[in-house]
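Counting starts at 1 for both ligands and their atoms, following the listed order.
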Amino acid sequence: MNPLLRCKDITKRFGGIVALDGFGMTVQADAITGLIGPNGAGKTTLFNVVSGVLSPDSGSVIFDGDDLMGRATHELCHAGIARTFQTPHPIKSLTVEENLRVAEAFGSLETDGTDSRLERTLDVLDLTEKRSTVAENLQMTERKHVDLGRALLTDPDLVLLDELLAGLNPTDKATLIEHIQQLHREFDVDFLVVEHDLSAIREMCDDVVVMNEGTFMTAGSPSDVLNDERVQEAYIGT
Ligand SMILES: Nc1ncnc2c1ncn2[C@@H]1O[C@H](COP(=O)(O)OP(=O)(O)OP(=O)(O)O)[C@@H](O)[C@H]1O
Ligand SMILES: [Mg+2]
């Protein structure tokens, strides 16, 4: 087993609310890992800590063997961590292609001058025909594809997806899951996926981590974790 990301004993308080309460987990390399838990469990807060948007009160994040605590967002991007947000936010005034080129410039990708990754990303995400469309004219599903493409163009090792599938109809959801799996295989990128749709988690993920009330609950294969009575209780209890 080869850990890509290790979170150790992370605590984050917002005033009197303890969003992360000594949370720890290990994310393996070469995997799509699900991160699940009821509303308010601390999933987005954890993503904000791992991507450098928030500083924790204590604890550490080890990525690919390096301690990342205290590094700025752009440094974490260069270290190989990219993310999407719960609400997709491409740069609305730019075209799809321009959005991807901005991400490429921001990231660490050493291009070979052929735009091959950009073209392949457009292709895998069904965006080739929309490349000249201004992002504010895109539908929600397409905006989500652009957000994912922007994350990919920074040349990450790990992409954090925060409820990217939320609000999509079953057909669009199935398509996006296929895209994620294809990008994982083709670009050798791992994903940590926050998602409330547990059947999507079962379909998409190799491993699952469960958190509740800011703490680690359990981790394992999707079938083991989703059949765990404590996990079912945590969900029914919300
Ligand atoms: N900026 C903030 N200020 C105050 N409280 C916050 C802030 N961000 C998060 N919280 C609180 O921290 C806790 C964890 O929130 P978080 O958004 O991380 O949960 P989540 O697991 O992502 O939930 P959801 O599934 O609803 O997206 C919640 O009680 C939330 O209200
Ligand atoms: Mg959230």
**Q** Could you establish whether K12 and ligand 1 come within less than 4.0 Å of each other, counting only heavy atoms on the residue side?
**A** no
**Q** Within a distance under 4.0 Å of any heavy atom of T45, pick out the atoms of ligand 1 and give their elements.
**A** 9 (C), 14 (C), 15 (O), 16 (P), 18 (O)
**Q** Determine, counting only non-hydrogen atoms of the protein, whether one lies under 4.0 angstrom from atom 4 (C) of ligand 1.
**A** yes
**Q** What pair of heavy atoms forms the shortest contact from A72 to E75, and how long is it?
**A**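 Heavy atoms of A72 and E75 come nearest at N-OE1, 2.7 Å.
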**Q** For ligand 1 and G37, I'd like to know whether there is a polar contact (N/O to N/O, distance under 3.5 Å).
**A** no
**Q** Looking only at protein heavy atoms, which one is nearest to atom 27 (O) of ligand 1, and what is the separation?
**A** Q86 NE2, 3.2 Å
**Q** What is the closest protein heavy atom to atom 17 (O) of ligand 1, and at what distance does it sit?
**A**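 Looking only at protein heavy atoms, the one closest to atom 17 (O) of ligand 1 is T44 CB, 3.8 Å.
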**Q** State whether D162 and K43 are salt-bridged, where the test is any N-O pair (Lys NZ or Arg NE/NH1/NH2 against Asp/Glu carboxylate O) under 4.0 Å.
**A** no
**Q** Could you walk me through whether N48 and R83 satisfy the side chain to side chain donor-acceptor pair (under 3.5 Å) test, starting with their C-alpha distance in whole Å, then the side-chain angles of each, then the deciding distance to 0.1 Å, before giving a yes or no?
**A** CA-CA 9 Å; N48 284 334; R83 72 174 291 182; 2.6 Å; yes
**Q** Looking at H196, which atoms of ligand 1 are within less than 4.0 Å of one of its heavy atoms?
**A** 25 (O)
**Q** Would you call D172 and K144 a salt bridge, using N to O less than 4.0 angstrom?
**A** no
**Q** What part of M211 sits under 4.0 Å from ligand 1 if we count only heavy atoms: the side chain, the backbone, both or neither?
**A** neither
**Q** Has T44 got an N, O or S atom lying less than 2.8 Å from the Mg ion (ligand 2)?
**A**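 Yes.
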**Q** Could you find the nearest protein heavy atom to atom 24 (P) of ligand 1 and give me its residue, atom name and distance?
**A**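 Protein heavy atom with the smallest distance to atom 24 (P) of ligand 1: N39 ND2, 3.7 Å.
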**Q** Does NZ or CZ of R185 come closer than 6.0 Å to the centre of the six-membered ring of F187, within 45° of the ring's axis?
**A** no
**Q** Is the number of heavy atoms from other residues, nucleotides or ligands under 6.0 Å of R131 CZ greater than 12?
**A**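 Counting neighbours around CZ of R131, more than 12 heavy atoms of other residues, nucleotides or ligands fall under 6.0 Å, so yes.
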**Q** For A19 and ligand 1, does the shortest N/O to N/O distance drop below 3.5 Å?
**A** no
**Q** With K12 as the cation and F14 as the aromatic partner, state whether NZ or CZ is under 6.0 Å from the six-membered ring centre and within 45° of the axis.
**A** yes
**Q** Step by step, would you call V194 with T44 a side chain to side chain contact (heavy atoms under 4.5 Å, CB included)?
**A** CA-CA 8 Å; V194 164; T44 298; 5.6 Å; no
**Q** Look at atom 29 (O) of ligand 1 and say which protein heavy atom is nearest, naming residue and atom and giving the distance to 0.1 Å.
**A**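 For this ligand atom, the closest protein heavy atom is I17 CG2, 3.8 Å.
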**Q** Show, in sequence, the C-alpha distance, side-chain angles and deciding distance for I36 and H196, and conclude whether the side chain to side chain contact (heavy atoms under 4.5 Å, CB included) test is met.
**A** CA-CA 7 Å; I36 65 171; H196 282 292; over 6 Å; no
**Q** Quick one: which ligand 1 atoms are inside 4.0 Å of a heavy atom on E163?
**A** 25 (O), 27 (O)
**Q** Among protein heavy atoms, which lies nearest atom 6 (C) of ligand 1, and at what distance?
**A** F14 CD1, 3.3 Å
**Q** Would G40 count as a polar contact of ligand 1, with the cut-off being nitrogen or oxygen pairs under 3.5 Å?
**A** yes
**Q** Minimum heavy-atom separation for Q182 and R120, please, with both atom names.
**A** NE2-NH2, 3.2 Å
**Q** Would you say atom 21 (O) of ligand 1 makes contact with the protein, given that contact here means a non-hydrogen protein atom less than 4.0 Å away?
**A** yes
